[in-house]
Each structure stands twice: as structure tokens, then as C-alpha cells.
Amino acid sequence: MDSSDSVKLRLDLAYDGTDFHGWARQVPKEGEPELRTVQQVLEDTLTMVLREPIQLTVAGRTDAGVHARGQVAHFSVGKQALAQRTIDGDPSRLVRRLARLLPDDIRVQRCGVVPEEFDARFSALRRHYVYRVSADPAGALPTRARDTAHWPKPVDLAKMQAAADVLVGLHDFAALCKAKPNATTVRDLEVFQWHDVSTAEEPLLYEAHVSADAFCWSMVRSLVGTCLTVGEGRRDTGFVAGLLTMDKRCSEVPVAPAHGLSLVGVDYPADSDLQARAEATRGLRTLP
């Protein structure tokens, strides 16, 4: 589609990942139905509304069971199609229409025009995640069971934070990532902070707040799992430091359950810096 005939739109969205097979659309095997994914549901609904094929690019491709309340995606649509399907071509009008058509576990919060240089994935400066976990022997509250993991052993918050502190910085996180061909595992982990958010209703409840320029596959859940093993006394900070010297996935690193994880925000630069940021992100990151 010629960019002069189209407009690029940004979606800010939230979803409960429990009943999805992750974000990414998956090609079904012959004779089998298509798996339900966030991308599939959104693209099909937008295609029906705008009456032209829509393809989404997302800031972070979440795994099956992972939630989002600050996800960002973009797509391009013909100016004529947008004008015909909205009042005065105002994309914000799509929010109300999508609310009527989308299932209860997806919500489009905002829709607006962005510069052609905007790329939801490559223009991002950093992603923010929160991991919510209960160490209460009784488990999470039933009303929060879909977004709160259960760690069945007592943990020490100070030890978990000590482990997290070791991991902050620019490192090769190969030991804590599932490998992808020709993909770097060098990441700048900017924030890894544990908080005790216990209440009378929810004792022994903790949140990990994690921010980085980008994350590789299963990295956040591996970071959390590593800290939890230190918190329960099974590992120490020496083990954590050793992970940063490895060049492949470590089988001793537990991956925390998916449903405790939520993508809560994505940061972008000013419009004037979008293209430069995308070009820098596409480059292969290495350690100094």
C-alpha cells in the first residue's frame, strides 16, 4: 500500500491472556482449527470493521497465558477505508466500535494516528513488566488466581532483591533465555525491583517490577524464577552471577508460571527520534 494513500494507527490495548495461545497468530496444521491468539482476534475484527486486510505489529509478543494492560501495536489502513468506516475519518471512533465487537478478554483503550516512522516494536525504548506471585500456602485469592502465580515455599524478600541486583545492567542473558536462531541475547536490564504488596486479604504477596530495552523469549519469567529459588534458599547470589557468564540456556533456571506476568507499559521517544531509534534497535547488540 502506498504510504500516501494510507495512514498508520497506534493501538493501546489490554488483555487477559488466560484463554489465548499467546499474542502471535499461528498457522494451523492441515485439518485443524486456527488457535485463538490475541493477534488473530484483533486482526479479524479490524478487517471486518475496516473491510480491508489488517496486519498488526506489536511491541512485545507475549507468550500463552501472559497478560497485558499496556500493550502497543500499529497497523496501516487506507485513508479511504478509514474515512468510510468512521465519522470524519477519526480513528478514535474505532474504540467504541471495537468495544462492542471484541470479546471480554480484549480491550482497545486508545486508537490514534502516528507518524509513518513509528514502529510499535522497533521504536520502543523499553518495556515494563510486573510479575505477581503469592507465597501463601493457601495460594492466590480466587478473584486474582488468573494473574497471580503461586510459589508454594516461603521466600525471603531481601534475598530475592539481592539476586535481582546482580542481574541489573547490560549483560548477555543467554542462560535465562530460550534461544532463537540468529538472535542476540544481550539486553540492558534497567530495573528489577521486588515489592512486598501483602494485605490482610493477601498475605505473603510479592510483585517484581522489571524494565529493559527489550526482552528475549521467556527472559522475564526466568529472571523471576531465579530470584524465587534464591529467596527460598535453594540458590545463592554466586549462582546468579555465574549465569551471566554462560553462553547458552541453563537447565537449572526455573521458568516461573506464565499467568503471573503482565506487560504494563512501553516507552517511546519523541516523534523526531522515532526513525533513529528503530534503526538502532534493528542493529545487532553486543557487549562492550
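Small disclaimer: the values here were computed from a predicted structure and weren't measured. Side-chain atoms are counted along with the backbone in the values below, which use heavy atoms only and exclude waters and symmetry mates.
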Report yes or no: does S198 contribute a side-chain atom to a donor-acceptor pair with the main-chain N or O of L204 at less than 3.5 Å? yes

For the atom pair CZ (R10) and CZ (F75), what is the distance rounded to the nearest 0.5 Å? 13.0 Å

Is there a donor in the side chain of S222 and an acceptor in the side chain of R249, or the other way round, less than 3.5 Å apart? yes

Which is it for L102 and L42 under the side-chain contact (heavy atoms from CB on, under 4.5 Å) test, yes or no, and what are the steps along the way? CA-CA 8 Å; L102 288 169; L42 275 170; 4.0 Å; yes

What one should report as the nearest heavy-atom pair of A212 and L189 is CB-CA, 3.9 Å

Could you check whether T62 and Y15, counting side-chain N and O atoms only, form a donor-acceptor pair closer than 3.5 Å? yes

Kindly indicate whether the side chain of R97, heavy atoms from C-beta on, has any atom under 4.5 Å from the side chain of R93. no

Looking at R25, I'd like to know if its CZ atom is crowded, meaning that more than 12 non-hydrogen atoms belonging to other residues, nucleotides or ligands lie closer than 6.0 Å. yes

Is the closest side-chain heavy-atom distance between L263 and H128 below 4.5 Å? no

Keeping H74 on the side-chain end and A120 on the backbone end, is there a donor-acceptor pair under 3.5 Å? yes

Checking V66, D147, L261 against Y131 for side chain to side chain contact (heavy atoms under 4.5 Å, CB included), the one that qualifies is L261

What is the distance from atom CE of M219 to atom CZ of F173, rounded to the nearest 0.5 Å? 4.0 Å

Minimum side-chain heavy-atom gap L244-D172 below 4.5 Å: no

Look at R277 together with D267 and state whether they make a salt bridge at an N to O cut-off of under 4.0 Å. no

Do F118 and Y268 make the cut of ring centroids closer than 6.0 angstrom? yes

Rounded to the nearest 0.5 Å, how far does CG of L205 lie from CG of D136? 9.0 Å

On a heavy-atom basis, the closest approach of G225 and A256 is N-CB, 4.1 Å

Under a 3.5 Å threshold, yes or no: a donor from one side chain and an acceptor from the other, between D63 and W217? yes

Taking the side chain as every heavy atom from C-beta outward, state whether L46 and L11 have any atom pair closer than 4.5 Å. yes

Transitively linked via ILVMFWY side-chain contacts under 4.5 Å: I106 with L50? yes

Centres of the H209 and H195 rings: under 6.0 Å? yes

Start with the C-alpha gap between V230 and M160, add the side-chain angles, then the distance that decides, and say whether side-chain contact (heavy atoms from CB on, under 4.5 Å) holds. CA-CA 6 Å; V230 173; M160 292 195 295; 5.8 Å; no

Run L223 and L176 through side-chain contact (heavy atoms from CB on, under 4.5 Å) and show every step you take. CA-CA 7 Å; L223 291 169; L176 296 113; 4.1 Å; yes

Sorted by chain and number, sequence neighbours left out, ring pair (Phe, Tyr, Trp, His ring centres under 6.0 Å) with F20 holds for none

Sort and list the pairs that fulfil side-chain hydrogen bond (donor to acceptor under 3.5 Å, both in side chains) and have at least one residue in residues 152-165, not counting sequence neighbours. Q161-D165, Q161-Q193

On a heavy-atom basis, which atom in L56 and which in A73 lie closest, and how many Å separate them? CD2-CB, 4.4 Å

Donor-acceptor under 3.5 Å (S262 side chain, V264 main chain): no

Side chain to side chain, V49 and L101, heavy atoms closer than 4.5 Å: yes

Answer yes or no: does atom CZ of R51 have more than 12 heavy-atom neighbours from other residues, nucleotides or ligands under 6.0 Å? no

Would V113 and V108 show up in the same hydrophobic cluster when neighbours are defined by side-chain heavy atoms closer than 4.5 Å? yes

Is it true that a side-chain atom of Q71 and a backbone atom of G60 form a donor plus acceptor pair closer than 3.5 Å? yes

Using 0.5 Å steps for rounding, measure from the CG atom of L82 to the CG atom of L94. 6.5 Å

Apply side-chain contact (heavy atoms from CB on, under 4.5 Å) to residues I54 and V77 and explain how you reach the verdict. CA-CA 7 Å; I54 298 300; V77 62; 4.2 Å; yes

For a 4.5 angstrom cut-off between non-hydrogen side-chain atoms, does R187 reach H171? no

Taking the side chain from T281 and the backbone from F122, do they hold a donor-acceptor pair closer than 3.5 Å? yes

E232 versus W151, side-chain donor and acceptor atoms under 3.5 Å: yes

Mind listing the closest non-hydrogen atom pair of G112 and P91 along with its distance? CA-CG, 4.1 Å

Roughly how far apart are R126 CZ and S211 OG, rounded to 0.5 Å? 8.0 Å

When you look at D12 and R107, which way does the salt bridge (Lys or Arg N to Asp or Glu O under 4.0 Å) test go after all the steps? CA-CA 9 Å; D12 289 80; R107 176 184 177 187; over 6 Å; no

Answer yes or no: is there a side-chain heavy-atom contact under 4.5 Å between R235 and T226? no

Between the main-chain N or O of H21 and the side-chain N or O of Q26, is there a donor-acceptor pair closer than 3.5 Å? yes

Hey, would you say the F215 and Y129 ring centroids sit under 6.0 Å apart? yes

Are there more than 12 heavy atoms of other residues, nucleotides or ligands under 6.0 Å from atom CG of D104? no

Mind listing the closest non-hydrogen atom pair of C111 and L9 along with its distance? SG-CD1, 4.0 Å

Scan side-chain atoms only and decide if S134 and H150 contain a donor-acceptor pair under the 3.5 Å cut-off. no

Taking atom types as modelled, find out whether R132 and T148 have a side-chain donor-acceptor pair closer than 3.5 angstrom. yes

When you measure from the side chain of R146 to the backbone N and O of T143, does any donor-acceptor pair fall under 3.5 Å? no

Below 4.5 Å, heavy atoms only, C-beta onward: do D119 and L274 meet side chain to side chain? no

Can you hop from V253 to V224 via hydrophobic side chains spaced under 4.5 Å? yes

Test your reading of the model: is there a side-chain donor-acceptor pair from T199 to the backbone of E202, 3.5 Å cut-off? yes

Can you label the angle between the W194 ring and the F192 ring as parallel, tilted or perpendicular, going by 30° and 60°? tilted

Do any N or O atoms from the side chain of R69 and from the backbone of L13 form a donor-acceptor pair under 3.5 angstrom? no

Determine, using the 4.5 Å side-chain heavy-atom cutoff (strictly less than), whether L167 and L170 are members of one ILVMFWY cluster. no

Heavy-atom pair with the smallest gap, counting every atom of Q55 and E43: CA-OE2, 3.4 Å

Counting only heavy atoms not in E32, do more than 12 fall under 6.0 Å of its CD? yes

In terms of side-chain geometry, is the basic nitrogen of E117 or K8 positioned less than 4.0 Å from the acidic oxygen of its partner? no

Using only atom types and a distance under 3.5 Å, with no angle test, would you say the side chain of R121 pairs donor to acceptor with the backbone of T57? no

Nearest-0.5 Å distance, OG1 of residue T37 to CG of residue D19: 13.0 Å

Using the salt bridge (Lys or Arg N to Asp or Glu O under 4.0 Å) criterion, which residues pair with R96? Sequence neighbours excluded. none

